[in-house]
S.K.: 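The structure under discussion is supplied below as structure tokens; questions concerning it will follow.
It should be emphasised that the depicted structure is a prediction, and the values quoted were computed from it without experimental measurement. Values reported hereafter were calculated over all heavy atoms of this structure, with side chains retained and with hydrogens, waters and symmetry mates removed. In the text below, chain A, chain B and the rest are named by the order of the sequence lines, each starting its count at 1.
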Amino acid sequence: MNSSTTIASILLAAILTNNMVLSKFLGICPFLGVSKKTGTAFSMSVAVTLVMVVSTAVTYPIYTYILYPEYTYLETIVFILVIAAIVQLIEIVLKKYIKPIYNALGIYLPLITTNCAVLGITMLNITNELSFVQSLFNALGAGLGFMLAMLLFSGVREKMETADIPEFLKGLPITLVAAAIVSLSFLGFAGIGG
Amino acid sequence: MKNKYLGYFTNGLIKENPVLRLVLGTCPTLAITTAAINGIGMGLSATMVLVCSNLAISLLRNIIPDKVRIPAYITIIAGFVSVVQMLVKAFLPSVDSALGIYLPLIVVNCIILARAEMFASKNSVLPSVLDGLGMGIGFTAVLTLMGMIREFLGAGSLFGITVTANHISPMIIFLLPPGGFFVFGMLVAASNAIAKKNGKKAVEHLGCESCPSRAACEKITENKEESSNEQ
Amino acid sequence: MHKIVDFFKKYSQDIFKPVIVLLCICIIIPLALSVTNYITKDAIASNSEKSRNETMARLVDADSFEEASQDEITFYAAYKDESAVAFIYINQAKGYGGDVEVMTVFDTDGSIKAVDILDASNETPGLGQNVTKESFYSQYSGKKGEISVVKNGADGEANEINAVTGATISSKAVTNAVNEAVEQFNKTQTVGGEAE
């Protein structure tokens, strides 16, 4: 992506064509694990989006001004530690100052530290050579894309609870097959962001 | 005595296969298995990290205070991942470009943190190394198998050698994301069927029992859902 | 004095030990990384250099390649027996999953001598990545001027190439990069002559 790529096309690409879960396979654990109910799916995705944007805002300057070009080999280790610290900080700040949001999202935060979608998006911003503003929107788009996938999928799963499923597919296999069909629908967006 | 050590090694191969029985590390399993060779590359990189981190964590298990063990483990694992990443970049550039961002993402692969937390932090060095090796090879085997299935159906080739592509038009969908979910679903269904036949429990959910963030995850699913489980 | 000792006693297990252990880990690991980096950095740097230079050397039979820049366009001129024999442009265009990097080699008369794909790792494996197959990119050789992509049956037409089956977007990306190179060539070179 070059610098002329517009914000709108970045957002569209991150939400639809390069959807975190359905085309990049990042954040599969929460996608399959926390998507049983639409409410939980929504809160989880809000927390993920928040952490993604804040993490990008912090890791991008660290990479550009401190790590690049001498210490780029420290990217992985610095990013994961910074993200872990950010998640803790967000938790503390929310708990202290914005109690209602903490009550709604607090329990999701510990899950996010080792969520590959968050680390993935901060690294993708670097590999795709996006600017700072583009990175922020890419992270926002990725979070919204995650949310879209979670909401769609939780809807599918709520229906599935009452469906008659063949014995050998019960449990995880049918969840994966359903995910396959949901991701099939996203193939239709191919090329929309280009 | 010898059997016991063999047991540590074979445990990860079938009985507690990290992908099909523990259901850990689903992200790379789905993402990079578009070709069999990628499965091998990813599997062996992860195995190397797994063996090294199990070794280091088991050596340090009495030194690292319980309170800070998770950050300590993550730092150690991230260190080994970076080392492996640099080695692959330097000596196997084609593997690096095939795996792309999924190579550094081994750091958040739950198999590694799970084995550190569940096994290496409680066992001595040799069992930990063997456990890491067994788990790693089990991971590699499933990734390669899945890569072979997807490559064969989706590109009509195996390990890059054309097999049926000239005679039958390959089903490209198997190389695309939906194919990944579908093939994985079928593999889990098959492994469940085999497990049931042998009197084991089928895998119904994600690998919650061995997931490092299980406690946090359960809080969510129990708090927010009127779970019908009697627990 | 008493208080300080008590303080240390009280907190040594709870606070100091974890801090010191973490600190040690955070010093040792980056040290180990910098050692690995020192060992591998030359190999990593030469890998990316090599692939570019090797591709140029493979595509053009020349004695030397010189990097040149004009109107903010960077290109390489290939010399043999002290006269320019080819001009090489490297361009990127947006494909399915990210950028596709393409090298376009022009003859001095402005026709395309060869095209090679430097990087298509963001395209779908087995599908978009098929643009890296010779059967696809060899179609560009000998063409002159703007090129368009068609889905089937372009064989006869002068400036059309066949898209890779099922990967129109990646094929178009390569073509866009080649067309950009054509434009850049026309801006920077006088056809029939040599680079000034």
S.K.: Give, as side chain, backbone, both or neither, the part of C/Asp119 having an atom under 4.5 angstrom from any heavy atom of chain B.
M.R.: neither
S.K.: Suppose we screen for side-chain contact (heavy atoms from CB on, under 4.5 Å). Which residues come up paired with B/Arg61, at least two apart in sequence or across chains?
M.R.: B/Ser58, B/Ser124
S.K.: Taking the side chain as C-beta and beyond, is there a heavy-atom pair between C/Thr36 and B/Ser82 under 4.5 Å?
M.R.: no
S.K.: As an exercise, state the distance from OG1 of B/Thr34 to CD of C/Gln129, rounded to the nearest 0.5 Å.
M.R.: 7.0 Å
S.K.: For B/Phe152, does the CZ atom sit with more than 12 other heavy atoms under 6.0 Å from it, leaving out its own atoms?
M.R.: no
S.K.: Please check if atom OH in C/Tyr38 has more than 12 non-hydrogen atoms from other residues, nucleotides or ligands closer than 6.0 Å.
M.R.: no
S.K.: To the closest 0.5 Å, what do you measure between CD1 (B/Ile63) and CD1 (C/Ile25)?
M.R.: 9.0 Å
S.K.: Picking from B/Pro177, B/Gly79, B/Pro170, which has the most non-hydrogen pairs under 4.5 angstrom with chain C?
M.R.: B/Gly79
S.K.: Checking an interface table here. Which of residues 83-98 of chain B come within a heavy-atom distance under 4.5 Å of chain C?
M.R.: B/Val83, B/Met86, B/Leu87, B/Lys89, B/Ala90, B/Phe91, B/Pro93, B/Ser97
S.K.: Counting only non-hydrogen atoms closer than 4.5 Å, does C/Leu33 touch chain B with its backbone (N, CA, C, O), its side chain (CB onward), both, or neither?
M.R.: both
